[in-house]
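Computed from a prediction, not measured in an experiment: that's the story for all the values here.
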Amino acid sequence: MAAPIESTPWIAMYHSVGDRSDDPYRVTVTPDRLDGQLAWLRRRGLRGVSVSDLLAAPSRKGLVGLTFDDGYADFLDHALPALRSHGFGATLFVLPGLLGGDNAWDPLGPRKPLLSAGGIREAAEAGIEIGSHGLTHVDLTTADDVLLKSEVVESRAVLEELTGAPVEGFCYPYGSLDRRAVDTVRDAGYAYACAIDPGSIDSPLALPRVHIGQSDTAVRLFLKYRLHRLRRRPVEGI
């Protein structure tokens, strides 16, 4: 009898963790909300892990991938302590072309500082998987071939030199991808890549994720978790 096909893994997408008094893009959760969401996972017998650990697990039952996009400096202040208190891992997608900079790609809302090189090393030394979010948060579907390759290939090289460890994961800025971007990520040697809704592209280099925000209390988390498992087809190759 053939083994049952597991549903596509549940990967949660976070961004900033901190003050959300001015949050027009709804990308920030407060530390208390994050702690409550992680506690909800634990109560349901679920454990948050990095995407690499999720994909490498012999069985992904009971595992949830936790990802944090953009590499905001508040990750060290608020997200990392919460993850540690629950015994969870995570993947942090950073922008090595904007070290110590800010979220200049967001025209509205406050400027949020990004991690420096030292901050990325600190996260890596704490056991957080570091992945690439490109160099400078460019929409790869609108980039020319030279810029596309630079964002994908050079970001990986910089991060591997910075952390002294292989970088296996990529995350498409804005969740935007097409076949050309996926092929470039594959050619660069990444093992997996995260999107939001990859549409018809079915590949470990286009993993779907679920946005988690401030409004996601226990009921909404339960619905998101259930609907993801019901609606998402298995991803071929994982």
Side-chain angles (χ1 to χ4, degrees), residues 11-18 25 27-29 34 48-55 65-84 88-106 110-140 143 147-177 181 184-185 188-196 205 207 209 211-212:
I11 304 175
M13 177 181 65
Y14 288 95
H15 290 79
S16 174
V17 182
Y25 298 103
V27 296
T28 305
V29 297
L34 174 63
V49 297
S50 69
V51 179
S52 283
D53 285 347
L54 178 69
L55 299 180
L66 299 179
T67 62
F68 293 80
D69 289 10
D70 302 331
Y72 290 104
D74 57 31
F75 180 86
L76 293 179
D77 298 326
H78 303 305
L80 184 57
L83 292 166
R84 280 174 164 167
F88 287 177
T91 299
L92 177 64
F93 292 114
V94 300
L95 298 153
L98 297 175
L99 296 174
D102 60 34
N103 58 329
W105 61 88
D106 285 336
R111 297 275 68 83
K112 287 179 172 281
L114 304 177
L115 288 167
S116 65
I120 293 173
R121 289 193 195 96
E122 183 178 342
E125 290 167 0
I128 299 299
E129 180 188 18
I130 302 299
S132 171
H133 202 26
L135 281 172
T136 58
H137 209 281
V138 170
D139 182 341
L140 300 183
L147 179 58
L148 172 59
K149 187 171 182 179
S150 173
E151 289 284 325
V152 172
V153 175
E154 291 182 25
S155 61
R156 188 180 191 216
V158 171
L159 287 175
E160 290 187 335
E161 182 175 358
L162 193 157
T163 63
V167 171
E168 299 294 333
F170 186 83
C171 176
Y172 301 96
Y174 306 104
S176 300
L177 73 163
T184 303
V185 169
Y190 291 94
Y192 73 85
C194 288
I196 299 174
L205 298 175
L207 296 172
R209 293 183 297 166
H211 168 73
I212 304 297

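- Among residues two or more places apart in sequence or in another chain, the side chain to side chain donor-acceptor pair (under 3.5 Å) test is passed with D106 by N103.
- One distance of note links CG of L54 with CG of L207; it measures 8.5 Å at 0.5 Å rounding.
- With values rounded to the nearest 0.5 angstrom, F170 atom CZ is found 9.0 Å from T184 atom OG1.
- For the pair P81 and D77, the tightest heavy-atom approach, listed with the atom from each and the gap, is CG-O, 3.4 Å.
- For Y172, there are no side chain to side chain donor-acceptor pair (under 3.5 Å) partners, not counting sequence neighbours.
- The side chain to side chain donor-acceptor pair (under 3.5 Å) test applied to S16 returns D74, K112, not counting sequence neighbours.
- At least one donor-acceptor pair under 3.5 Å links the side chain of R209 to the backbone N or O of A195.
- Qualifying ring-ring contact (aromatic ring centres under 6.0 Å, His included) partners for F75, counting only residues two or more places apart in sequence or in other chains: F68.
- Scanning for side-chain contact (heavy atoms from CB on, under 4.5 Å) contacts around A191 gives E168, with sequence neighbours left out.
- The two residues L66 and G89 make their nearest non-hydrogen contact at CD1-O, 3.6 Å.
- Counting heavy atoms from C-beta on, the side chains of L162 and P96 never come closer than 4.5 Å.
- G134 and S155 get closest at one heavy-atom pair: C-CB, 3.7 Å.
- Take D70 and apply the side chain to side chain donor-acceptor pair (under 3.5 Å) test, not counting sequence neighbours, and it matches Y72, H133, H137.
- Contact between L92 and G71 at its shortest, heavy atoms only, is CD1-CA, 4.0 Å.
- Residues L76 and L115 have side chains in contact (heavy-atom distance under 4.5 Å, counting atoms from C-beta outward).
- Scored by the side-chain contact (heavy atoms from CB on, under 4.5 Å) test, V138 finds T136, A143, L147, E151 as partners (sequence neighbours excluded).
- Contacts of E161 classified as salt bridge (Lys or Arg N to Asp or Glu O under 4.0 Å), with partners at least two apart in sequence or in another chain: none.
- For the pair R156 and Y190, the cation-pi criterion (under 6.0 Å, within 45° of the ring axis) is fulfilled.
- In plain terms, the two heavy atoms of Y192 and S52 that are nearest each other are CE2-OG, 3.4 Å.
- Evaluation of the salt bridge (Lys or Arg N to Asp or Glu O under 4.0 Å) test over residues 118-135, restricted to residues two or more places apart or in two chains, returns none.
- Of the possible polar contacts, none joining the E160 side chain to the P166 backbone as a donor-acceptor pair under 3.5 Å is found.
- A donor-acceptor pair under 3.5 Å is absent between the side-chain atoms of T91 and the main chain of S50, judged by distance alone.
- By the side-chain contact (heavy atoms from CB on, under 4.5 Å) test, S116 is found to be paired with no residue, residues two or more places apart in sequence or in another chain being considered.
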Verdict with supporting geometry, I130 and I120, side-chain contact (heavy atoms from CB on, under 4.5 Å): CA-CA 8 Å; I130 302 299; I120 293 173; 4.1 Å; yes
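- In this structure, H15 and H211 have tilted ring planes: the angle between them lies in the 30° to 60° band.
- Looking at every heavy atom in both residues, C171 comes nearest to D69 through SG-OD2, 3.5 Å.
- Rounding to the nearest 0.5 Å gives a distance of 4.0 Å between CZ of F93 and SG of C194.
- Taking CD1 from I11 and CG from L55, the interatomic distance works out to 6.0 Å, rounded to the nearest 0.5 Å.
- Listed by chain and residue number, L135, S150 satisfy the side-chain contact (heavy atoms from CB on, under 4.5 Å) test with E154 (two or more places apart in sequence, or in another chain).
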Full working for side-chain contact (heavy atoms from CB on, under 4.5 Å) between L99 and L114: CA-CA 7 Å; L99 296 174; L114 304 177; over 6 Å; no
